[in-house]
Amino acid sequence: MKPFPRRAFAVLQTLVGNRYVALLLLLVAGTALLEQYGGLPAVLPAWRLELPLVLYLYFYLNRVTRRWRWQALVTALPIAYLYLGVDAYHLMFGRLPRIAELAQVPELFNVVPWWAQALLLLPLLPLLLALDLRRWRAACLGLLPFAALLLPMEFAPARFVAAFERTQQPLVSYSEIHSARGNGRFGMLLYNEARRRMFQQRLAAYADDAATRAHAAAVGELLRGLQHRRNVHLLVLESFLDPRLFRAAGLDGDPTHPAFAALTRGSGDLSRSPVFGGGTAQAEFEVLCGVPALRELSGVEFDVFTGAPTPCLPWLLAQGGYRSVASNAYIPDFFNSIPAYAGTGFAETYYPREYAKGRPTYLSIGDVSNEGYMFDGELLQQNLAFVRRHLAEQPGQPLFNYVMSIYGHLPHEIDSARRPPVVTQQGTFRDDQFERSANQYHYRTEALAAYLEGLFAADPDGLVILVSDHVPPLNYGPIAYREMQYLPGHDDPIHLNRVFFFEQGRAVPRGTVRHFDLPALVLDFVSAGGYCRQQGCTIGAIAPNEADREALRAPYMAIMARAMAAPAEPPERVARSRAARELLQETGDEPGWLEP
């Protein structure tokens, strides 16, 4: 008999040489290492569902591929890549991805370079080449365990959610990240998708929500009864990052343009965005519809808008006689914006003619050869001319002028010939995207100052709001914000963004608000305080806790029930996303109470 140490070593050698043990060790060690650098929690505690699911997936891939010397590696690569992708998403955006966000892949491919697209697809190529088509029976039989897991999620989501909550580790209501510690990455993906489908099935109950109906009727009556209705200009600025909010950025000067600093009196407020690093449409949803973007029905709420009339801010203002106009500096079908804008109540939507062939528009992108995206100055000066025409041609009709910019999107390319650097980063922590963003800020604030001065002269009585959709991910995601001390002392600082309010040509401090507070602030301004006296506004800086989320879920569901209804126009006249069509098939064509 062999001595015990030798036998133990032989057993250990056999285990390590086993591909399943090796994969398990790789995932445990890799996720533990990523956790030390800000990644999601290590996978080891998630032994109830996650680890058996991963090992079976690995077994299945080994069953349907050819046996050759690289088989173990080729079949392990997609699994490792999925794990790495989920952690990379978390590192960049500070949240867990959702299965429904796969609908955003086409938009992602629109904004990333070709080498990044190739990198996203690379791990699939060896697996596809290694498939053994002769094993089709094993491939079909091997899908049965997956079907046993996924079919209840699809067709009985409430039971799936209940079973998950009963059998898995306790969920942490205030943090998906903490929930992932005990339930794993894939486990939380499945759970969140089941919750989405569960709420989707409950949507019909909100299609004729009495509270939403009463609110819309009251607001319409209030606005129609006003003797004087002032114009509103709401600008959502892509990744409008204020470098002054970093305590340890190490810049050798203040990039704010002096003209903008004079108009804002060197200050500004903060607004809490639902997203960090990306997901502009989520910020737009909150800014326009006045409810938090809970992601209960889709990874991106705008993706399931059909064009059906929805009682969001543009629709409410239109009921009060406003001309509601949206001007977007990017591609029309990005984030399903055509049906989304139509649904929120915009009667007119304008995109640059270079991106929207055949659509009426007043916008043109100008020279983007060295920057990729339309410069704010081009967008704002064209919009200012549009506003002046409206004021001259329709002086009696109030205007809701909504503008969505795109300049400032990663990778923050800047044409140094036209816009030479004004600041450099000198600190110990360097981020080249931050330095480019800081220099963009100088020229963006210069363009904003010129726009504001022209707008105040043309429309001295109006309201102007400038708000960043979200802060950009930069090179290192939340790590960069932590290292450069962004808004130290604030709770959840990476979701806080600059917002500026101007009433009748003067900067007005509002304190810290949330993106979904902005519709209430707009309605209160145009009604001279009547809206908040009527509705009892609750405007504040605190992110919704679980109790708040439950209270806000009902108005959110009511908004989404209307947004996802069948549009009043024939389907061929409304550009709807695939996600919207799929959800319509499941929720049905519910009768509504809103007229187009």
Side-chain angles (χ1 to χ4, degrees), residues 19-35 38-64 74-105 120 123-124 127 139 142-172 175-198 295-296 298-299:
R19 63 182 63 187
Y20 298 97
V21 175
L23 175 68
L24 189 58
L25 292 175
L26 173 67
L27 292 180
V28 170
T31 55
L33 180 63
L34 283 171
E35 185 177 13
L40 289 166
V43 72
L44 188 57
W47 54 267
R48 299 188 181 191
L49 175 62
E50 181 92 351
L51 293 182
L53 179 61
V54 168
L55 291 175
Y56 181 76
L57 175 60
Y58 190 44
F59 167 78
Y60 177 76
L61 293 177
N62 277 276
R63 290 288 295 167
V64 298
V74 166
T75 52
L77 187 60
I79 297 173
Y81 204 74
L82 283 172
Y83 264 78
L84 184 63
V86 172
D87 275 68
Y89 186 101
H90 164 65
L91 285 168
M92 294 302 293
F93 304 118
R95 62 184 187 271
L96 282 177
R98 303 286 179 97
I99 291 175
E101 288 175 322
L102 289 174
Q104 301 313 309
V105 171
L120 289 170
L124 295 178
L127 181 65
L143 291 175
L144 292 178
F146 293 121
L149 181 65
L150 298 179
L151 289 178
M153 184 188 74
E154 175 78 18
F155 298 106
R159 293 184 179 181
F160 183 97
V161 167
F164 189 98
E165 292 176 347
R166 186 172 60 252
T167 60
Q168 302 304 304
Q169 296 284 1
L171 294 159
V172 180
S175 172
E176 286 185 328
I177 309 305
H178 285 79
S179 296
R181 181 178 301 279
N183 297 295
R185 293 147 175 79
F186 296 167
M188 290 305 298
L189 284 172
L190 296 175
Y191 175 76
N192 285 327
E193 176 64 10
R195 272 177 57 91
R196 184 183 75 86
R197 292 186 175 278
M198 179 180 71
R295 296 201 298 169
E296 299 287 21
S298 173

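Along the sequence shown, residues carry numbers from 1.
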Exercise: identify the closest heavy-atom pair between [X] and [Y]:
| X | Y | answer |
| --- | --- | --- |
| Arg48 | Thr167 | NH1-O, 2.9 Å |
| Gln168 | Leu49 | OE1-CB, 3.4 Å |
| Ala42 | Thr31 | CA-OG1, 3.6 Å |
| Gly184 | Ala46 | N-CB, 3.4 Å |
| Asn183 | Glu50 | O-OE1, 3.8 Å |
| Leu189 | Ile99 | O-CD1, 3.6 Å |

- Query: Are Glu296 and Arg197 close enough for a salt bridge, meaning some N to O gap below 4.0 Å?
  - Reply: no

- Message: For a side-chain contact (heavy atoms from CB on, under 4.5 Å) check, start with the C-alpha distance between Leu190 and Leu150, then their side-chain angles and the critical distance, and finish with the verdict.
- Response: CA-CA 8 Å; Leu190 296 175; Leu150 298 179; 3.7 Å; yes

- Min side-chain heavy-atom separation Met153-Tyr191 under 4.5 Å: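 Sidechains of Tyr191 and Met153: no contact.
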
- Message: Are Leu23 and Val54 packed together at the side-chain level, in the sense that at least one heavy-atom pair is separated by less than 4.5 angstrom?
- Response: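 Side-chain contact under 4.5 Å: yes.
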
Nearest-0.5 Å distance, [atom1] of residue [X] to [atom2] of residue [Y]:
| X | Y | atom1 | atom2 | value |
| --- | --- | --- | --- | --- |
| Leu149 | Phe186 | CG | CZ | 12.0 Å |
| Leu24 | Arg19 | CG | CZ | 15.0 Å |
| Leu27 | Leu84 | CG | CG | 11.0 Å |
| Arg63 | Tyr56 | CZ | OH | 9.5 Å |
| Leu127 | Leu77 | CG | CG | 8.5 Å |

- Name the orientation class of the two ring planes belonging to Tyr20 and Phe59 (parallel below 30°, tilted from 30 to 60°, perpendicular beyond 60°).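 Ring orientation, 0 to 90° scale: tilted.
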
- Task: Over 60° means perpendicular and under 30° means parallel, so classify the ring planes of Phe160 and Phe164, tilted if in between.
- Result: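 Ring orientation, 0 to 90° scale: parallel.
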
- Message: Quick one, Glu193 with Met198, criterion side-chain contact (heavy atoms from CB on, under 4.5 Å). Give me CA distance, side-chain angles, the key distance, then yes/no.
- Response: CA-CA 9 Å; Glu193 176 64 10; Met198 179 180 71; over 6 Å; no

- Does the pair Asn192 and Arg295 meet the rule for a side-chain contact (heavy atoms from CB on, under 4.5 Å), with working shown? CA-CA 9 Å; Asn192 285 327; Arg295 296 201 298 169; over 6 Å; no

- Item | side-chain hydrogen bond (donor to acceptor under 3.5 Å, both in side chains) partners for Tyr60, two or more places apart |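 Counting only residues at least two positions away or on another chain, Tyr60 forms no side-chain hydrogen bond (donor to acceptor under 3.5 Å, both in side chains).
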
- Query: Which one of Asp87, Val43, Leu40 satisfies the side chain to side chain contact (heavy atoms under 4.5 Å, CB included) criterion with Leu34?
  - Reply: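 Among Asp87, Val43, Leu40, the one meeting side chain to side chain contact (heavy atoms under 4.5 Å, CB included) with Leu34 is Asp87.
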
- Query: Ignoring hydrogens and geometry, is there a side-chain-to-backbone donor-acceptor pair from Tyr58 to Leu53 under 3.5 Å?
  - Reply: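 No; judged by distance alone, with no hydrogens or angles, the pair does not exist.
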
